[in-house]
Amino acid sequence: MKRARDWWAGRPLASQILVWTLGLLVVTAALGGLVAGQIVGQILDDQFRLRALGVAESVAQMPEVAADVAAGDPGHQIQVLAEQVRTRAKTDYVVVTDREGIRFSHPTPSLIGKRLEEPVAVLDGQTHVGTDHGSLGDSANAKAPILDASGRVIGQVSVGILETAVSTEFVQDAGTIAAYWALILVLGGAGSFLLARTIKRATFGLEPAEIASLLQDREALLHGIREGMVGLDDAGRVTVINNEARRLLHLGDTALSRPVEELIPPGRLRDVLTGDAPGTDQTVITDDALLVANRMPVSVGGRSVGAVVTLRDRTEVEALVRDLRSLEGLMEALRAQEHEYANRLHTVGGLLDLGEPAQARTFISGIADSSRSLGEGLRARIEPPELAALIHAKITIAAEQDVHLAVSEDSRLREPGLGTQDLLTIVGNLLDNAVDAVSGLPGPREVTLTLDDSSGVFVSVTDSGPGVPAEAVDDVVRDGYTTKPGKAGKLDLRRGIGLALVARIVRRAGGTMDVFAGPGGRFEVWIPRGEGKEARP
């Protein structure tokens with residue numbers, strides 16, 4: 001049995017469809033033929049009974065027949081008349097009897113004058129139809145009463161058509177029905193063959209087992225990779241989505257067959273998915289992840305069938321990049337300090353060589369006081385040591401680029417009520433953008449940082465650069481937006497991410513971020529007092 005099933009499963013799709021279709025048609029034809037045969041047989045029986053009834057009533061109403069029956073048929077004319085009627089009406093027998101059942105006519109002359117085997121049925125004055133089991137065999141029979149002038153039953157006319165005649169008629173009709181069924185079988189077979197070929201073309205010639213294998217491979221591939229994948233049709237509806245994409249986009253099991261506009265709120269992520277924001281390796285920030293998205297159109301036979309969007313989770317990579325940038329900043333600060341201290345040591349050595357030890361001591365004391373005053377000033381006004389260290393490093397790095405970065409005199413930050421990492425991200429990105437904006441410009445290069453914790457956390461960064469154009473005020477905080485040229489062929493997660501990260505942290509903390517148009521850059525962040533959550537990149 002198993003071998004037979006395996007053999008059948010291995011047959012081509014066209015053969016399976018043809019066999020199944022023909023099998024169903026044969027079974028249907030057999031059942032239909034059986035039902036049709038019963039119906040046709042019943043109809044023929046009824047028709048022959050009615051035909052026999054008509055002949056019987058006609059004979060019974062003949063005056064000469066009634067007269068001869070009443071007289072006992074002295075001239076034996078009833079047999080002659082009955083045979084004439086039987087021949088013309090094409091019945092098998094016309095039997096006339098009296099009330100007692102004595103025959104006056106019969107196709108078998110030897111039975112004339114003999115009594116019927118069964119009682120006379122028309123003594124009630126009514127006609128009777130049915131199947132008669134007489135001496136000639138089973139027949140479709142009708143009996144009609146013969147009445148005298150007073151209406152009394154004086155005899156009976158029995159007319160019958162043998163079942164052999166009914167069967168002959170049925171066989172003729174059955175032949176016609178069989179011809180129609182044969183035609184249906186031929187057309188069904190041709191249709192199933194054409195259907196199989198159409199399905200074969202639609203499935204690129206693949207058999208069911210191969211399609212099932214491909215489906216299993218697709219499911220394993222879709223849900224086994226670590227990248228999110230979303231398939232869209234030309235109408236923007238989701239046709240396929242894997243588990244990773246559901247996780248990254250926070251979509252449930254009802255995402256299939258729904259438009260992207262219903263699933264994703266307005267923003268850059270929706271624009272990338274719908275193709276309104278073209279490009280490759282586009283960075284997109286969600287509430288809890290940083291994604292790199294690519295959208296590729298898909299066409300079959302030169303006809304567009306939709307697009308495939310891949311989503312790579314680069315949250316951890318961005319966190320590592322941020323840590324690396326922090327280390328680079330510290331290294332830059334140390335390098336700058338090392339360069340500056342080397343110059344100062346050379347100066348002290350020169351003073352000593354010139355025999356000016358007093359001047360050397362004064363010079364060293366001034367350097368120590370200046371460095372100590374900067375660090376102590378920051379620590380006195382800024383409570384979080386990590387933030388004070390970051391600002392100190394940024395001041396040193398900015399000085400290397402001939403940028404004067406200052407902290408306003410009225411800046412105070414005691415209890416930020418915000419995660420340290422979030423605070424470092426906000427201040428660090430705003431200072432980096434400001435220093436980049438003024439470095440290399442002619443004239444004074446000034447950056448000012450203001451911190452205040454009187455009513456929440458307030459951070460303000462201003463610079464002397466050109467500022468943000470009025471038409472770009474709403475775009476600068478959008479993920480992926482940047483005015484910096486990128487390196488060809490390389491994915492730079494830092495481009496267009498800094499201000500977007502700041503905006504996301506502020507939004508998650510329930511604060512506000514204001515961007516002011518130039519000239520002069522100005523960014524202000526306010527976060528209400530409370531226990532802030534550490535925002536993931």
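Just so you know, residue 1 is the first one in the sequence shown, and it goes up from there.
Considering every non-hydrogen atom in both A82 and V94, the closest pair reads CB-O, 3.7 Å. Nearest approach of Y93 to P107, heavy atoms of both residues: CB-CG, 3.2 Å. In terms of heavy atoms, L311 sits closest to A293 at CD2-CB, 3.7 Å. Here the shortest heavy-atom pairing between V120 and Q156 reads CG1-OE1, 3.4 Å. Of all heavy-atom pairs between A144 and A60, the closest is CB-CB, 4.1 Å. For the residue pair S150 and D148, the shortest heavy atom distance occurs at OG-OD1, 2.9 Å.
Partners of T274 under the side chain to side chain donor-acceptor pair (under 3.5 Å) rule, at least two apart in sequence or in another chain, are D276. Judged as a side-chain contact (heavy atoms from CB on, under 4.5 Å), and not counting sequence neighbours, the contacts of V129 are R49, L53, A142. S105 is linked by a side chain to side chain donor-acceptor pair (under 3.5 Å) to nothing, counting only residues two or more places apart in sequence or in another chain. For D234, the side chain to side chain donor-acceptor pair (under 3.5 Å) partners are S304, not counting sequence neighbours. Checked against side-chain contact (heavy atoms from CB on, under 4.5 Å), R51 has the following partners two or more places apart in sequence or in another chain: F48, K90, I161. Applying the side-chain contact (heavy atoms from CB on, under 4.5 Å) test to V298 and every residue at least two apart in sequence or in another chain returns V305, V308. Residues meeting the side chain to side chain donor-acceptor pair (under 3.5 Å) test with S257, sequence neighbours left out: none. The side-chain contact (heavy atoms from CB on, under 4.5 Å) search around A235 returns D233, R237, not counting sequence neighbours. A search for salt bridge (Lys or Arg N to Asp or Glu O under 4.0 Å) contacts involving R258 returns E262, not counting sequence neighbours. Remark: E57 engages no residue in a salt bridge (Lys or Arg N to Asp or Glu O under 4.0 Å) (not counting sequence neighbours).
The only option from N141, D92, T91 that meets the side-chain contact (heavy atoms from CB on, under 4.5 Å) definition with L162 turns out to be D92. Of the candidates V153, I154, V122, V59, I146 forms a side-chain contact (heavy atoms from CB on, under 4.5 Å) with just one, namely I154.
The structure places CE of M513 at 10.5 Å from CD1 of I527, a figure rounded to the nearest 0.5 Å. One distance of note links CG of L147 with CZ of R152; it measures 10.0 Å at 0.5 Å rounding. Residue L273 holds its CG atom at 6.0 Å from CD1 of I264, rounded to the nearest 0.5 Å. The CZ atom of R99 lies 5.0 Å from the CG atom of L123; values are rounded to the nearest 0.5 Å. Taking CD of E227 as the reference point, atom CG of L248 lies at 10.0 Å (rounded to 0.5 Å). Here K143 contributes atom NZ and T97 contributes atom OG1; the two are 9.5 Å apart, rounded to the nearest 0.5 Å.
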Open item on the list: Quick one, I241 with L251, criterion side chain to side chain contact (heavy atoms under 4.5 Å, CB included). Give me CA distance, side-chain angles, the key distance, then yes/no.
Closed with: CA-CA 10 Å; I241 182 170; L251 299 178; 3.8 Å; yes
- [ ] Applying side chain to side chain contact (heavy atoms under 4.5 Å, CB included), run through R508 and D422 and close with a yes or a no.
- [x] CA-CA 11 Å; R508 287 166 61 94; D422 290 345; over 6 Å; no
- [ ] Check the pair V157 / V95 against side chain to side chain contact (heavy atoms under 4.5 Å, CB included), numbers first and verdict last.
- [x] CA-CA 6 Å; V157 178; V95 177; over 6 Å; no
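The closest side-chain heavy-atom distance from V238 to V230 is below 4.5 Å. With contacts defined as side-chain heavy-atom distances shorter than 4.5 Å, the pair V309/M229 does not qualify. Inter-residue side-chain proximity for V525 and V502 is flagged as met; some heavy-atom pair is nearer than 4.5 Å. Using a 4.5 Å heavy-atom cutoff, the side chains of F104 and I112 are not in contact. Side-chain contact between I426 and I505 is present, with heavy atoms from C-beta onward closer than 4.5 Å. Inter-residue side-chain proximity for L269 and L249 is flagged as met; some heavy-atom pair is nearer than 4.5 Å. In this structure, the side chains of E64 and L81 come closer than 4.5 Å at one or more pairs of heavy atoms. The shortest distance between side-chain heavy atoms of F523 and V468 falls below 4.5 Å.
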Using residues 66-79 as the side-chain source, report each donor-acceptor pair under 3.5 Å to any protein atom, sequence neighbours left out, with the distance given to one decimal.
residue	atom	partner	partner atom	Å
D73	OD1	H76	N	3.1
D73	OD1	Q77	N	3.0
Q77	NE2	G75	O	3.2
Q79	OE1	H106	N	2.9
Q79	NE2	H106	O	3.1

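Between D313 and R247 there is a salt bridge, with a side-chain nitrogen of the basic residue lying less than 4.0 Å from a carboxylate oxygen of the acidic one. For the pair E117 and R103, the salt-bridge criterion is met [side-chain N within less than 4.0 Å of a carboxylate O].
In this structure, R270 contributes its side chain and V260 its backbone to no donor-acceptor pair below 3.5 Å.
Residue pairs meeting the side-chain hydrogen bond (donor to acceptor under 3.5 Å, both in side chains) criterion with at least one member in residues 119-129, sequence neighbours excluded: D124-H128.
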